[in-house]
Every structure is written in C-alpha cells, then in structure tokens.
Amino acid sequence: MADQNDTVIERKTRSKPKLERPKLYKVILLNDDYTPREFVTLVLKVVFCMSTEAGYRVMMTAHKLGSCVVVVCAKDIAETKSKEANDLAKEAGFPLMFSTEPEE
Ligand code: TYC
C-alpha cells in the first residue's frame, strides 16, 4: 500500500519505438528478346552470388513470365547490385535490365 511519501510513477503515453525497420527493396530481373540465357545466368552468379542452378531457374522464370525477383534486401545494396549488373550488361552490349522497387 502506498502512503503519502511514496513516489508513484505513471506512464502518460505509450512511447513509440525509436527505430523504424528500414524498408526492404526488391531487385527485379526483366526479360528481353536479345540477351543470351548464358549471359543472364552468369550475371546472376557473379553479381548475386547464385549457384548455376539457382541462376538458371531465376533466368528461366524471367524468360517465361517476363520478370523475376532476384533478391530482397536493403535499399543501398539493391541499388548497388542492380547497377553493377546493368553495367556488366551495357559493357557486353546487351539490353539486359535489372530494376529495384520497394517491397509492399
Ligand atoms: N529471353 C532471352 C532469350 O531468349 C533470355 C533472357 C532471360 C533474357 C531472362 C533476359 O531476364 C532475362 N535469349
């Protein structure tokens, strides 16, 4: 039981968590009619550290459906990886495109 000298601490409002979870971004592989399948698989291996089998599956999914999510990660990593992959394609003279978009 609290008598007159006891201190009573009451929380007036619920405190909000200080750190918001950073938004995640998708790297998306887009299909085109010209880039060789082997090159797409190679880029997925080199830039996204995928095995040949995983890279082939992702490449074939984009080939059949038009696009495929390659990875979901922090914004700066998604943008860096996407640019690295697009630069390799450009250097090789292929229209291969990776894009990024926020995850819902
Ligand atoms: N469609 C290409 C071809 O038939 C291969 C390809 C697959 C290109 C996936 C891009 O994201 C891609 N040569």
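All residue numbers in this chain count up from 1 along the given sequence. Being a predicted model, the structure only gives us computed values, none of them experimental. Counting starts at 1 for both ligands and their atoms, following the listed order.
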* Structure fact -> Between the OH atom in Y34 and the CG atom in L96, the distance rounded to the nearest 0.5 Å is 14.0 Å

* Pairwise distance CG(L44) to NZ(K81) - rounded to 0.5 angstrom ->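 One finds 11.5 Å between CG of L44 and NZ of K81.
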
* Asked: Between K45 and E38, is there a side-chain N and carboxylate O pair less than 4.0 Å apart?
  ->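 Between E38 and K45 there is no salt bridge, as every charged N stays at least 4.0 Å from the carboxylate O atoms.
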
* Do the side chains of L29 and V72 join up, straight or via other hydrophobic residues, at under 4.5 Å, putting them in one cluster? -> no

* Are V70 and I28 grouped together when hydrophobic residues (ILVMFWY) are joined by side-chain heavy atoms under 4.5 angstrom apart? -> no

* Flag D32 as yes when one of its N or O atoms lies below 3.5 Å from any N or O atom of ligand 1, and as no otherwise. => yes

* Asked: Above 12 or not: heavy atoms from other molecules or residues under 6.0 Å from OH of Y56?
  ->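 Open: at most 12 neighbouring heavy atoms sit under 6.0 Å from OH of Y56.
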
Can you pull out the closest protein heavy atom to [atom]? Residue, atom name and distance to 0.1 Å, please.
| atom | answer |
| --- | --- |
| atom 5 (C) of ligand 1 | T35 O, 3.2 Å |
| atom 4 (O) of ligand 1 | H63 CE1, 3.2 Å |
| atom 8 (C) of ligand 1 | N31 OD1, 3.4 Å |

* Nearest heavy atom to atom 9 (C) of ligand 1 wins, so pick from M97, M59, K64. => M59

Give the numbers and elements of all ligand 1 atoms closer than 4.0 Å to a heavy atom of [X].
| X | value |
| --- | --- |
| L96 | 10 (C), 11 (O) |
| L30 | 10 (C), 11 (O), 12 (C) |
| L29 | 11 (O) |

